[in-house]
S.K.: 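Sending over a structure as structure tokens; questions will come in a sec.
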Amino acid sequence: MRYDDLVIPDTSVCRAALEVATRYHTPSLLNHSIRAYLWAAAYAAEHGIAFDAELLWVSAMLHDIGLAAEFDSHTVPYEEAGGHVAWAFCAGAGWPEERRQRAAEVIVRHMWAEVPVEQDPEGHLLELSTGMDISGRHTDRIPGGVRQEVLRRYPRLEIAGEFAACIADQGARKPDSFAGGFVRAGIAQRIAANPLDR
């Protein structure tokens, strides 16, 4: 598999989601969001998983928007805040309510330990790909040719340090959230050891 084999959707909603992500994310988090989609698409192609490319792209672009200062919630976990932003964004894009809710679900579920592919293929793919990109889980499942080209086009920059700081902050302020559990389980060490940074 090569980078050019990947399905990268180009709709007005996808372009708008990228614009929002570019406006509110740091360069490191923006590249992480794009890589999350690309790792997911590559894995899906390798394993014959059918998915809605537009839905997955929008969800990938907005999955960490709750970490941005402008959308950071002091009452709900950041993935839930991101789901609310996605719902509102998708409403503005004219998506029907069921499709807006799907985007919100995919974003919330990316923090789950596992999302069954038969229940939610987009949620499964985003949970898997964000784990690859942040903590290095299952990076051996990324096709070699795709891995090299994606990292060349969308370098990791300061994602390890930035995300470790973000998740530590979220965990300290919201100890009962998934972020809090990840911090207690030693995610900082897994981030530091991610083979994608080698």
Side-chain angles (χ1 to χ4, degrees), residues 1-9 14 17-18 21-22 24-49 51 53 56-68 78-79 82 106-115 117 121-171 178-179 181-198:
M1 172 178 287
R2 300 174 300 116
Y3 177 87
D4 291 342
D5 297 326
L6 299 179
V7 175
I8 301 174
C14 289
L18 178 60
T22 302
Y24 290 103
H25 282 326
T26 66
S28 294
L29 276 171
L30 175 63
N31 281 6
H32 159 65
S33 299
I34 296 170
R35 286 193 308 271
Y37 173 84
L38 295 171
W39 301 145
Y43 182 86
E46 287 273 287
H47 294 85
I49 299 172
F51 68 97
L56 183 59
W57 175 272
V58 169
S59 301
M61 292 308 102
L62 302 179
H63 80 277
D64 280 340
I65 201 75
L67 294 175
Y78 83 89
E79 67 275 13
V106 171
I107 289 171
V108 169
R109 291 173 180 172
H110 93 272
M111 292 289 280
W112 288 12
E114 185 178 357
V115 180
V117 65
E122 294 79 22
H124 172 81
L125 292 168
L126 191 61
E127 176 273 316
L128 180 72
S129 67
T130 55
M132 289 172 171
D133 204 62
I134 292 298
S135 62
R137 189 166 44 115
H138 302 310
T139 53
D140 57 314
R141 299 182 183 179
I142 301 171
V146 170
R147 173 176 168 156
Q148 182 178 5
E149 184 62 15
V150 168
L151 291 174
R152 184 187 71 78
R153 291 177 184 235
Y154 304 101
R156 293 181 63 75
L157 305 176
E158 304 301 322
I159 190 62
E162 278 188 31
F163 197 85
C166 285
I167 206 79
D169 173 64
Q170 291 287 319
F178 280 118
F182 288 166
V183 170
R184 290 188 295 276
I187 193 170
Q189 290 77 18
R190 294 196 299 279
I191 292 172
N194 190 331
L196 294 178
D197 288 319
R198 302 291 175 263

S.K.: Using 30° and 60° as the class limits, which term best fits the ring planes of Tyr78 and Phe163: parallel, tilted or perpendicular?
M.R.: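 Answer is perpendicular, since the angle exceeds 60°.
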
S.K.: Strictly distance-based, threshold 3.5 Å: is any side-chain N or O of Asn31 a donor or acceptor partner for the main-chain N or O of Arg156?
M.R.: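 Not confirmed, Asn31 side chain does not pair with Arg156 backbone.
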
S.K.: Which heavy atom in Thr139 sits nearest to a heavy atom in Pro195, and how many Å separate them?
M.R.: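 Taking every non-hydrogen atom into account, OG1-CG, 3.2 Å.
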
S.K.: Answer whether the closest heavy-atom distance between the side chains of His124 and Phe51 falls below 4.5 Å.
M.R.: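 Result no, sub-4.5 Å side-chain heavy-atom pair not found.
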
S.K.: Determine the minimum heavy-atom distance between Met1 and Ala45, stating which atoms define it.
M.R.: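 It is CE-CB, 3.1 Å.
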
S.K.: Which heavy atom in Ala36 sits nearest to a heavy atom in Leu126, and how many Å separate them?
M.R.: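 Closest approach of Ala36 to Leu126: CB-CD1, 4.2 Å.
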
S.K.: Okay, side chain of Asp197, backbone of Ala192: is any donor-acceptor separation there less than 3.5 Å?
M.R.: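 Checking the backbone N and O of Ala192 against the side chain of Asp197, no donor-acceptor pair under 3.5 Å is found.
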
S.K.: Other residues, nucleotides and ligands only: do more than 12 of their heavy atoms fall within 6.0 Å of CD on Glu46?
M.R.: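 More than 12 within 6.0 Å, yes.
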
S.K.: Determine whether a donor-acceptor pair (N or O, by modelled atom type, separation under 3.5 Å) exists between the side chain of Trp57 and the backbone of Pro9.
M.R.: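 Such a contact is absent between Trp57 side chain and Pro9 backbone.
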
S.K.: Going by heavy atoms in the side chains, are Leu38 and Val146 under 4.5 Å from each other?
M.R.: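 No, side chains not in contact.
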
S.K.: Rounded to the nearest 0.5 Å, what separation is found between the CG atom of Asp64 and the SG atom of Cys166?
M.R.: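 SG of Cys166 is found 8.0 Å from CG of Asp64.
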
S.K.: CG/Leu157 to CD/Glu162 distance, rounded to the nearest 0.5 angstrom?
M.R.: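 Going from the CG atom of Leu157 to the CD atom of Glu162 covers 8.0 Å.
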
S.K.: Taking the side chain as every heavy atom from C-beta outward, state whether Glu149 and Arg2 have any atom pair closer than 4.5 Å.
M.R.: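 No, side chains not in contact.
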
S.K.: Apply side chain to side chain donor-acceptor pair (under 3.5 Å) to Thr130 and list each qualifying residue two or more places apart in sequence or on a separate chain.
M.R.: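 Once residues adjacent in sequence are excluded, Thr130 has no partner under the side chain to side chain donor-acceptor pair (under 3.5 Å) criterion.
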
S.K.: Set out, in order, the CA-CA distance, both residues' side-chain angles and the distance that settles side chain to side chain contact (heavy atoms under 4.5 Å, CB included) for Asp133 and Tyr154, then state yes or no.
M.R.: CA-CA 12 Å; Asp133 204 62; Tyr154 304 101; over 6 Å; no

S.K.: Tell me, do Arg152 and Tyr3 make a side-chain contact under 4.5 Å, heavy atoms counted?
M.R.: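 Arg152 does not reach Tyr3 side chain to side chain.
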
S.K.: Could you tell me which residues satisfy ring-ring contact (aromatic ring centres under 6.0 Å, His included) with His32, sequence neighbours excluded, listed by chain and number?
M.R.: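 ring-ring contact (aromatic ring centres under 6.0 Å, His included) list for His32, sorted by chain: His63.
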
S.K.: Evaluate His138 against Tyr43 for side chain to side chain contact (heavy atoms under 4.5 Å, CB included), listing each step before the verdict.
M.R.: CA-CA 11 Å; His138 302 310; Tyr43 182 86; over 6 Å; no

S.K.: Any non-hydrogen side-chain atom of Val115 less than 4.5 Å from a side-chain atom of Leu125?
M.R.: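 With C-beta onward as the side chain, the pair stays apart.
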
S.K.: Within the side chain of His25, is there an N or O that forms a donor-acceptor pair under 3.5 Å with the backbone of Ala21?
M.R.: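 Side chain of His25 to backbone of Ala21: no pair is present.
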
S.K.: Please assess Ile167 against Ile134 for the test side chain to side chain contact (heavy atoms under 4.5 Å, CB included), listing each intermediate value before the final yes or no.
M.R.: CA-CA 11 Å; Ile167 206 79; Ile134 292 298; over 6 Å; no

S.K.: Taking the side chain as every heavy atom from C-beta outward, state whether Met61 and Ile34 have any pair of such atoms under 4.5 Å apart.
M.R.: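 In short, these two side chains touch, coming nearer than 4.5 Å.
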
S.K.: Assess the residue pair Gln170 and Phe182 against the criterion (side chain to side chain contact (heavy atoms under 4.5 Å, CB included)); give the C-alpha distance rounded to whole Å, side-chain angles, the decisive distance to 0.1 Å, and a yes or no.
M.R.: CA-CA 10 Å; Gln170 291 287 319; Phe182 288 166; over 6 Å; no

S.K.: Check Ala40 against Ser129 and note the closest heavy-atom contact, atom names and distance.
M.R.: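 Minimum heavy-atom separation between Ala40 and Ser129: N-CB, 3.6 Å.
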
S.K.: What distance separates Glu79 CD from Ile65 CD1, expressed to the nearest 0.5 Å?
M.R.: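 Glu79 atom CD to Ile65 atom CD1 measures 14.5 Å (nearest 0.5 Å).
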
S.K.: Closest heavy-atom contact between Ala168 and Val183?
M.R.: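 For Ala168 versus Val183, the nearest heavy atoms are CA-CG2, 4.0 Å.
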
S.K.: Could you list all the salt bridge (Lys or Arg N to Asp or Glu O under 4.0 Å) pairs where at least one residue sits in residues 121-132, not counting sequence neighbours?
M.R.: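 Applying salt bridge (Lys or Arg N to Asp or Glu O under 4.0 Å) to every pair that reaches into residues 121-132, excluding sequence neighbours, yields Arg102-Glu122, Glu127-Arg137.
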
S.K.: State, yes or no, whether a side-chain contact exists between Val117 and His47 at a heavy-atom distance under 4.5 Å.
M.R.: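 SC-SC contact between Val117 and His47 ruled out.
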
S.K.: Quick one: closest heavy-atom pair of Ile107 and Ser59, and the distance?
M.R.: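 Of all heavy-atom pairs spanning Ile107 and Ser59, the closest is CG1-O, 3.7 Å.
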
S.K.: With heavy-atom distances below 4.5 Å as the criterion, would you say the side chains of Arg35 and Ile159 are in contact?
M.R.: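 A side-chain contact under 4.5 Å exists here.
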
S.K.: Any donor and acceptor pair, going by atom type alone, linking the side chain of Asn194 with main-chain N or O of Ile191 inside 3.5 Å?
M.R.: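 A pair under 3.5 Å: no.
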
